[in-house]
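In what follows, a structure is listed as structure tokens, so that the remarks can point back to it.
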Amino acid sequence: MVRLIALLSLLAVACGDDAPRVPTRPEAAPTPESEVATEARPAEIRALPAGTRSVSVEGAAIELSGEVRALLTLDLDGDGDRDALLVRHDVEAGRVAITLALREADRFQTRDLGPLATEGCAIDAAALSQPSASTFFAEARLSCPDERPSLTHRWALSKSAPPRVRLTTSTRDPAALAFATRDLDGDGHEDLEATLTLEGADPITFRWLDRPGGLAQERGEPTATLDRLLRADAARGAALAGMLCGPSALVRFGAGSWGLECPERATAAAERATVDTLLRAGELLAALTALDEGGAASEAALDAAAARGVTLTELPFTYRREPSLDPTHLALAFDGEELIVFGATADALRPDGLSRPADAEPLPIRSDDRRFAVLGVRDRCARVEIALARAPTDDSSLSFGSRQAAHTVPLFVDDGASCPDRPSPWRVLGWAPQGLLAARASERRVVPLTTEALPTGAPMVLGASDPWPAPAQGGRITPDGSTWILERAEGVVHVSPAGVALWRPAGWSAGPAPSAAALSADGRRVVVLRGERLFRLSAR
């Protein structure tokens, strides 16, 4: 029986059958054991401490300048040896980048990918990761000086041969962003998502599709998202736009300017939200500085920031302007309890509301010897000057306001300034023995002058706690320099030992911006000229 089975087997082998045969793949040539091990090994990833200046991979050093904060090693170019990605901080250049190090024999060839500025900040930590077979993520977290918010840079890289940066992003605290990859359009390629988390808002996810030319953001974004948020809730949408749009934004895609490419409606909302936030935080001077730089604020935020207990009373007087006179620095001055008004005529208004011809021209801001007075401020884009004139010798003369300025003295020079289409924020407050006292919301200056009202040096910038020189003579400052004002479209900024306050009584927004102002010697009353009408503001 055994012989019969063996014979049948031999016949089957010899004769074959009619079933088709499936061809087999030729055996591959043996692969060196070391090469198999290299390809099978996963990426090795390490975070490195501050001050790490050199690293080596499999016995070969990677020569770099600056410090290395994270390292990932893997065969990145398919040649069988181990290459590296590094998060490198070039301290001298002030930037952080992903350095690609490709091994060639016993050394590495390096080049930087996606460099981003550190903006004066220091790296706290960095990380590299490989979330999928074809993608790397990198991150650098930085702390910043001067109480600026912390900064985080992120990179998404493709594992092509060699790797390349697909996207860079930056966020400022408290914003946070996270990358993720998945096939969003079913084409078999990994697309990219970035989910942004902001305070007081639901997470927002931005998507980029993988295309032959690189990543392409979803059509219509981020405009569609911002428009949807603004329509749903104007106030919350404006606050969110403030975090996403403009130079104060908390997010950036790419290495350019901060902020997303926002529609005009969202940009305007962002500007309002930025200033409104400052007003609600009590940062009045910072908010007004932002307005001087072209920002905007909502009437509601300005009203909320206004000082309480300020009353507004219209005075029984109609101002008649001298056509050649700029009233800003000439129209109003207190003389004791009386208000001197200078226009087509010079009048003195008594506290009881009655008026009489003034004994002399007001000369609100004049030198101690009364020989010179301020005509006004001339804002010539990058150069701001104070116009001075020699005062008339005849006190009854009304020609002072219409005469040409005797000369000008420089107050502010900025070669990089543009020409803003808005009134100058600078006001001359008064005249002290040390020179002219001038201010705007963002700074205070003293212009030193000789006895002939000529400049003796560059204007001096006063620090936040520096007192004004005294005694001071002028329409916008008390004699001891402790209290001063700036009249603005938003209200009157009243600065005193008690703090900075916005005098903006109810109904203020209904009238035109004030064109002149005067402060009483006790600092408790302000008179403003609005159009042809005079109003007294008093603190209770």
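Computed from heavy atoms alone, side chains included, the values below leave out hydrogens, waters and symmetry copies. The structure displayed is predicted, hence computed values, not measured ones.
Between the side chain of R308 and the backbone N or O of A306 there is at least one donor-acceptor pair closer than 3.5 Å. Judged by distance alone, the side chain of H153 and the main-chain N or O of A117 form a donor-acceptor pair under 3.5 Å. Side chain of T118 to main chain of G94: a donor-acceptor pair is present (N/O by atom type, distance under 3.5 Å, no hydrogens or angles). When atom types are taken as modelled, the side chain of Q473 and the backbone of P364 share a donor-acceptor pair closer than 3.5 angstrom. Looking only at distances, no side-chain donor or acceptor of R69 sits under 3.5 Å from a matching main-chain atom of A126. H89 places no side-chain N or O within donor-acceptor distance of the main-chain N or O of I123, the cut-off being under 3.5 Å. Under the 3.5 Å distance criterion, the side-chain polar atoms of R371 are left unmatched by any main-chain donor or acceptor of A453. Looking only at distances, no side-chain donor or acceptor of R141 sits under 3.5 Å from a matching main-chain atom of T152. Under a 3.5 Å cut-off, the side chain of R444 and the backbone N or O of D466 do form a donor-acceptor pair. Remark: side-chain polar atoms of D368 are not paired, donor with acceptor, to backbone N or O of P433 under 3.5 angstrom.
Summarising the geometry of W468 relative to L437, their closest heavy-atom pair is CZ3-CB, 3.6 Å, with the distance given to 0.1 Å. Across V96 and V87, no two heavy atoms sit closer than the pair CG2-CG1, 3.9 Å. For the pair P410 and V447, the tightest heavy-atom approach, listed with the atom from each and the gap, is O-CG1, 3.9 Å. Among all heavy-atom pairs drawn from F342 and Y319, the shortest one is O-OH, 3.0 Å. Listed here is the closest heavy atom pair of L411 and A438: CD1-CB, 3.7 Å. Scanning both residues, G475 and I365, for their nearest heavy atoms gives N-CG1, 4.0 Å.
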List the steps and the verdict of side-chain contact (heavy atoms from CB on, under 4.5 Å) for L260 and F206. CA-CA 11 Å; L260 307 184; F206 300 93; 3.8 Å; yes

Step-by-step side-chain contact (heavy atoms from CB on, under 4.5 Å) determination, V526 to E487: CA-CA 10 Å; V526 175; E487 76 275 15; over 6 Å; no

Would L388 and V374 satisfy side-chain contact (heavy atoms from CB on, under 4.5 Å), going step by step from the backbone distance to the final call? CA-CA 5 Å; L388 304 175; V374 173; 3.7 Å; yes

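Considering only heavy atoms from C-beta on, T408 stays 4.5 Å or farther from I386 through its side chain. Between I340 and D347, the closest side-chain pair of non-hydrogen atoms is not below 4.5 Å. Between W484 and R427, every side-chain heavy-atom pair lies at or beyond the 4.5 Å cut-off. Side-chain contact between V251 and T169 is absent, with no heavy atoms from C-beta onward closer than 4.5 Å. For the pair V527 and V341, the minimum side-chain heavy-atom distance is 4.5 Å or more. With a 4.5 Å cut-off on side-chain heavy atoms, I204 and L244 count as touching. R356 is listed as a side-chain neighbour of E338, based on a closest heavy-atom distance under 4.5 Å. Side-chain atoms of V492 and W508, non-hydrogen and from C-beta on, do get closer than 4.5 Å to each other.
Listed by chain and number, the residues in a salt bridge (charged side-chain N to carboxylate O under 4.0 Å, His left out) with R445 are E443 (sequence neighbours excluded). Listed by chain and residue number, nothing satisfies the side chain to side chain contact (heavy atoms under 4.5 Å, CB included) test with A249 (two or more places apart in sequence, or in another chain).
Within 6.0 Å of atom CG in D352, more than 12 heavy atoms from other residues, nucleotides or ligands are found, so the atom counts as buried in its surroundings. Enclosure of atom CD in E261 is not indicated, since only 12 or fewer non-hydrogen atoms of other residues, nucleotides or ligands lie within 6.0 angstrom. Within 6.0 Å of atom CZ in R148, more than 12 heavy atoms from other residues, nucleotides or ligands are found, so the atom counts as buried in its surroundings.
Between D112 and R95 there is a salt bridge, since at least one side-chain N of the basic residue sits less than 4.0 Å from a carboxylate O of the acidic one. Between E452 and R390 there is a salt bridge, since at least one side-chain N of the basic residue sits less than 4.0 Å from a carboxylate O of the acidic one. Salt bridge status for E337 with R525: present, with a side-chain N to carboxylate O gap under 4.0 Å. Using a 4.0 Å cut-off between charged side-chain N and carboxylate O, R504 and E299 make a salt bridge.
A donor-acceptor contact closer than 3.5 angstrom is absent between the side chains of S150 and S143. Residues T171 and R154 have side chains that bring a donor and an acceptor to within less than 3.5 angstrom of each other.
Ring orientation note: the planes of H494 and W503 are close to parallel, at an angle under 30° on the 30°/60° scale.
Residue T277 holds its OG1 atom at 7.5 Å from CE of M243, rounded to the nearest 0.5 Å. The CG atom of L519 lies 8.0 Å from the CG atom of D522; values are rounded to the nearest 0.5 Å. In this structure, CD on E322 lies 11.0 Å from CG on L330, to the nearest 0.5 angstrom. From L375, atom CG reaches atom OG1 of T328 across 11.5 Å, with rounding to the nearest 0.5 Å. Atoms CZ and CZ, from R476 and F334 in turn, are 12.5 Å apart once rounded to the nearest 0.5 Å. How far OG of S496 is from CD1 of I485: 12.0 Å, rounded to the nearest 0.5 Å.
Applying the side chain to side chain contact (heavy atoms under 4.5 Å, CB included) test between P425 and each of L288, T289, D292 identifies D292 as the sole match.
Seen from the ring of W258, R252 counts as a face-on cation partner, given the 6.0 Å and 45° thresholds.
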